Amino acid sequence: MKARFLKRIRLWSCAIILSTFSLANAQDAGKGYELFEANCTACHQIDGKLIGPELRGVEKRVQEEAGLGKEWLHAWIKDNKALRESGDAYANKIYADYNNTEMLAFPNLSDGDIDDILAYTADPDGGVKAFEEAKAAKKKEAAAKKAAEAAQGGGANSGVIAVGFVVLATLLLWILVRVNALVKATSSDRIGLDEEKMAFSFASLFQKYQKVGNVLIAVLAFFALYNVYWGLMGIGVDKGYEPEQPIYFSHKVHAGVQGIDCQYCHSSAKYGKVSGIPSPNVCMNCHKTIKEYKGDYFEEELITSGKFADEDAVKTFYTGEIQKMYKAIGWNPETNKYDGPQKPIEWVRIHNMPDFVFFSHAQHVVAGEKAIKKAIKDGTIPNAKELNIGSGDQVCFACHGRVDEMNEVKMANDFTMGWCIECHRTTEVDMDNEYNKEYYAELHEKLKKQYGDATKITVDAIGGLECGKCHY
């Protein structure tokens, strides 16, 4: 009896483990779909060749063609070059079949991640279904959490509103009482001579307090001139400028959520004065295959403002903006060809230095990169807190703020001469910078002798305050 009982326990345990594994496998296929979309779609499709082969049933195909299993696929995906160089016949055959086009290596993917992708390629429909179910569950959980937070905050808001109404009602009641007393006083037929003199002798009142009046006029004139002065000083200072662009491009999605480096798109920042507006060809490096928005992130402000009804509507809007780009450059997402009419995308420029100012992006993002990143880390960038730089790891944040947190880019700084000078006075020079080490070698030695080896040498000491450096 005891042996039979133990046998039943083992059978039930096996059943539970197998059922858990099957559920985990379905969930893995859902995660595999997400990983596939993020890592594979630039070169592969589930059905049909793109740059590389189609991936539906790839594990089974590799097994049938070469008798190889998951271990081989793990090695191929993580570092196919090393696998080819090891003399693997099947790896070299695939490389030759696809015109010696080298596949990107993915050492960042774990064995579990690759197994998830393979689970999706084995059952694409099931993977998409599992992903959508997990997404719906996550959305439901987020909505419940948001509703709970709103309920908690609602009580506090109701209390504030109630207090506000009480204060307002008290103020209105006091005003009514005072108005009533004033009406009674003015409607009286009998007004004494003293009362009449008090009511209408404004001229004598002004004469009595003429000095006070003159002081008040002088104060008002000072404030008027003060505001006129700062109004003139504000001409051309467009901090907060956030124009509407022809295509709604979210830097938060690209630079923030996806973590794309600023200089991948604005590549001319390394080589010249301006950072440049990227060509749509740069966008198409990814958007040849990313034809609709399927990310988790969306702007809740677009819902709370009443512009869109829900999350799905916002994401549909994002997808529509991708289609706008396709239309502008004549790309047909059905045939994957440029077969339509093309027209330029008329982006609205945000940052534009005056003609009499010389500013080189290359000088800052290349030669000054280490110094500026150190200044960001040390918190010595002027108004760093206002710019919300934090511990941002991109040199661009020093001037442009946290672009990776902006849905629509705006001018985060005032870019006045005073701001630039203050930055030059507080930013320490990288004395070992490979770009200017030889050029400034003698000056560096002179400064070290003058200020001492331990003294911090800032940009102003190497000409950062000279007028001719920035003005023609």
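None of these values were measured; they are calculated from a predicted model.
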* Derivation and outcome, ring pair (Phe, Tyr, Trp, His ring centres under 6.0 Å), residues His351 and Phe415 -> CA-CA 9 Å; His351 302 88; Phe415 294 104; 5.7 Å; yes
Less than 4.5 Å apart, side chain to side chain, heavy atoms only: is that true for [X] and [Y]?
| X | Y | value |
| --- | --- | --- |
| Phe358 | Lys469 | no |
| Val274 | Arg349 | yes |
| Asn336 | Lys291 | yes |
| Leu109 | Ile117 | yes |
| Lys307 | Glu301 | no |
| Glu408 | Tyr248 | yes |
| Glu54 | His44 | no |
| Val128 | Tyr120 | yes |

Any side-chain donor near an acceptor of the partner, [X] and [Y], under 3.5 Å:
| X | Y | value |
| --- | --- | --- |
| Tyr98 | Lys93 | no |
| Asp88 | Trp72 | yes |
| Tyr297 | Asn407 | yes |
| Glu102 | Tyr95 | no |
| His74 | Asp115 | yes |
| Tyr264 | Asn285 | yes |

Just by distance, do the side chain of [X] and the backbone of [Y] share a donor-acceptor pair under 3.5 Å?
| X | Y | result |
| --- | --- | --- |
| Thr427 | His424 | no |
| Thr380 | Ile376 | no |
| Ser268 | Ser275 | yes |

* Asked: Under 30°, 30 to 60°, or over 60°: which ring-plane class applies to Phe308 and Phe317, parallel, tilted or perpendicular?
  -> tilted
* Evaluate the ring planes of Trp347 and Phe249, with Trp represented by its six-membered ring, and classify them as parallel (under 30°), tilted (30 to 60°) or perpendicular (over 60°). => perpendicular
Distance, nearest 0.5 Å, that separates [atom1] of [X] from [atom2] of [Y]:
| X | Y | atom1 | atom2 | value |
| --- | --- | --- | --- | --- |
| Glu346 | Ile247 | CD | CD1 | 11.0 Å |
| Asn413 | Trp419 | CG | CH2 | 5.0 Å |
| Cys396 | His364 | SG | NE2 | 12.0 Å |
| Asn281 | Ile329 | CG | CD1 | 7.0 Å |
| Glu321 | Ser250 | CD | OG | 11.0 Å |
| His287 | Glu292 | NE2 | CD | 12.0 Å |

Cationic N near anionic O, under 4.0 Å, [X] to [Y]:
| X | Y | result |
| --- | --- | --- |
| Asp47 | Arg56 | yes |
| Lys129 | Asp125 | no |
| Arg402 | Asp404 | yes |
| Asp111 | Lys70 | no |

* side-chain hydrogen bond (donor to acceptor under 3.5 Å, both in side chains) between Glu132 and Tyr33, intermediate numbers included -> CA-CA 10 Å; Glu132 293 296 337; Tyr33 166 73; 5.3 Å; no
